[in-house]
Each structure stands twice: as structure tokens, then as C-alpha cells.
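One structure below.
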Amino acid sequence: MKTRTAILLTIPPMLWAGNAIVGRMVAHDVPPVLLNFLRWAIALVLLLPLAGPVFRRGSGLWPDWQRFAVLGLLGIGLYNALQYLALQSSTPINVTLVASGMPVWMMLTGWLFFGVGVSRRQVAGAVLSIAGVLLVLARGEWAHLLEMRLVAGDLFMILATIAWSLYSWLLTRTTGPADIRANWASFLAAQVAFGVVWSGVFAAGEAAISPASINWSWPLVAALAYVAIGPAIIAFRCWGAGVQQAGPAVAAFFVNLTPLFTALFSSLILGEAPHVYHALAFMLIVGGIIISSGRATARR
């Protein structure tokens, strides 16, 4: 793997760790689904000067709008809303560690829907990764699994991870309009535009079910600016480029860097020190990465 590709795939986990921290910090100031809508609405406004022509009549977007609608649903409408929902009842460290099962879901998604083969080495690595995720879900006590003691946030994050796996595999398809794929801002803006629509619908549903107000403050404004620029525009740009170069299966391993950054940020900002079972879980997940990625990397 080239150094440039490794850097591209390392930047998103760092920014997403910050997203988890910020999402937890403003959990009581703005409803989670509305937070997702505001985040991407701001991101779309910032992208328009760079990608305005993509929405004009005659753009390649409109003949292929279904593809971008699905990408916007999975990567923007669902993944991020589910993550913010997860942070309502789970800690940033737990949320990002559950997301570390990404290589498993990426492997299963590729096998089930995209015809990508799975080796024994990858299965062995998947078993270790699953063990690490189960350790987090059990809060360090395996007996809890028998009692099915799962907080809602853990389940939300599992659903989010599955949605992200589908999104990442769809990014590898090169059948879309060439004029849009050639410009990263246009490609991202096309997804974000549909994602904002999906997010708006979900936010309206959230407001109808449990009405809540926004506690506006300058820290909240700063938080919205961060999640709209860093974890949204910059991270999605780097992730898309990295996936194109390394492939979803290999790129998924870099998601496991997120808990490291999250643990560091949580300790520095929130004062939430990681537990021993977090370290054990991460060791299991890293072991799964090493075993699973060996052959995948060799094939490249």
C-alpha cells in the first residue's frame, strides 16, 4: 500500500473519533437525528461553490440519480443518524469499538452482494474481530451475553456499520457518470444532496415522535461547524479516495484506528478513561485485522 493511500485512510478515523466525542458532548443540546440533518445541510452549502454545476440540467447526475439517492441514504441519512442515536445511550469509546467490527461486515457484504470470495484466513480474522465486539457488548463480562444485556446504542451502531459496509462497496462501482466521478466535490455533493433530503425526512419523523428544542449556544455552533467540515466533507473525501485505491476490504481495517483516537480524546476532553475490557477487545480486533488483511494485502 502506498503511503498516500495509508494517509487518506488514516485521516477519517481521526476525524470520526472527534465526531463521536462532539456528538456525545451536544447530546443534550440537540436531538440526534436533527443534528445529523443540520450537519449535512451545512456541508451541502459549503460544497455548492465547488460543485454547483452538478445540479444543472444536463448533468450526469439526473440519469443516474437512483445511485446517488442510495449512497445518500446509506452513508449520510442512515449511518450518521444511527451513530448520533447510539451516542444517546452509549459512550464514544463503546460506539467506536462496536464499529470496529467493520471488517467483518465488509467481508460479509462483499460475499453476499458483490460476489467477492472469502478465504479461511479472513474467516479466522473475522472470528477474532467478532470476539472483540462481543467483549464490548458484554461490558467485559461474558455472562452478560447470556442475559442479552445490550444497550440501545450498541444495536444502533451495529445497524450503522452494516449501512456503511454497503455504502463502501457501492463506492467501488465505476459505472456512474464520468463527469461527476472526475470531480471529488461533485461526487460528494451529489450524495450529500440526497442525504440531506433523507436526513430531513428522518428529522421530521423524530420531531413528530418526540418533539424537542435546540439549546443554541456558541459551543453548539462550533460543534456543528466541526462535524460539517471535518468528519463530513474532509473525512468523506479521504475515505472515498482511499476506498478507490485500496478497496473496501482493506480500507475497513483502518476504521479500527477510530477507538484509539476516541480513547485518547475521551480521556483528554470528557474524562472517560477506557476500561481494561476496552484494551482486551481492541487487541482481539487488531489480531483479526492482522490475520484477515494479510492475504487481502498480498493480493494487491
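The shortest side-chain heavy-atom distance between Leu82 and Met157 does not fall under the 4.5 Å cut-off. Contact annotation: the side chain of Leu35 approaches that of Leu224 to within less than 4.5 Å [non-hydrogen atoms, C-beta and beyond].
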- Message: Walk me through whether Leu166 and Trp105 qualify under side-chain contact (heavy atoms from CB on, under 4.5 Å).
- Response: CA-CA 9 Å; Leu166 288 167; Trp105 298 111; over 6 Å; no
- Given Leu74 and Trp164, is the side-chain contact (heavy atoms from CB on, under 4.5 Å) satisfied, shown in steps? CA-CA 6 Å; Leu74 294 172; Trp164 187 259; over 6 Å; no
Name the atoms and distances for all side-chain donor-acceptor pairs under 3.5 Å in residues 199-209, with sequence neighbours left out.
{"residue": "Ser199", "atom": "OG", "partner": "Asn36", "partner atom": "ND2", "Å": "3.2"}
{"residue": "Ser199", "atom": "OG", "partner": "Gly195", "partner atom": "O", "Å": "2.8"}
{"residue": "Glu206", "atom": "OE1", "partner": "Leu34", "partner atom": "N", "Å": "3.1"}
{"residue": "Glu206", "atom": "OE2", "partner": "Val33", "partner atom": "N", "Å": "3.1"}

Would you tabulate the side-chain donor-acceptor contacts of residues 52-63 under 3.5 Å, counting partners in other chains and residues two or more places apart, or write 'none'?
{"residue": "Ser59", "atom": "OG", "partner": "Val54", "partner atom": "O", "Å": "2.7"}
{"residue": "Ser59", "atom": "OG", "partner": "Leu61", "partner atom": "N", "Å": "3.2"}
{"residue": "Trp62", "atom": "NE1", "partner": "Arg56", "partner atom": "O", "Å": "3.1"}

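In this structure, Trp65 has its ring center no closer than 6.0 Å to that of Phe68.
The distance from atom CG of Leu73 to atom OH of Tyr167, rounded to the nearest 0.5 Å, is 12.0 Å. Atom CG in Asn183 sits 8.0 Å away from atom CG in Leu50 (nearest 0.5 Å). Between Trp239 atom CH2 and Leu188 atom CG the span is 14.5 Å, to the nearest 0.5 Å. Distance check, rounded to the nearest 0.5 Å: CZ of Arg181 to CG of Asp64 gives 9.5 Å. Here CD1 of Ile229 is found 7.0 Å from CD1 of Ile234. Values are rounded to the nearest 0.5 Å. Distance check: Gln191 CD to Trp198 CH2 gives 14.5 Å after rounding to the nearest 0.5 Å.
Between Val26 and the options Leu87, Ile214, Leu220, Val227, a side chain to side chain contact (heavy atoms under 4.5 Å, CB included) holds for only Leu220.
No side-chain donor from either of Tyr226 and Asn19 sits under 3.5 Å from a side-chain acceptor of the other.
Across Ala20 and Pro92, no two heavy atoms sit closer than the pair O-CG, 3.8 Å. Contact record, Gln83 with Ala160: N-CB, 4.4 Å, taken as the closest heavy-atom pair.
Evaluation of the ring-ring contact (aromatic ring centres under 6.0 Å, His included) test over residues 21-44, restricted to residues two or more places apart or in two chains, returns Trp40-Phe236.
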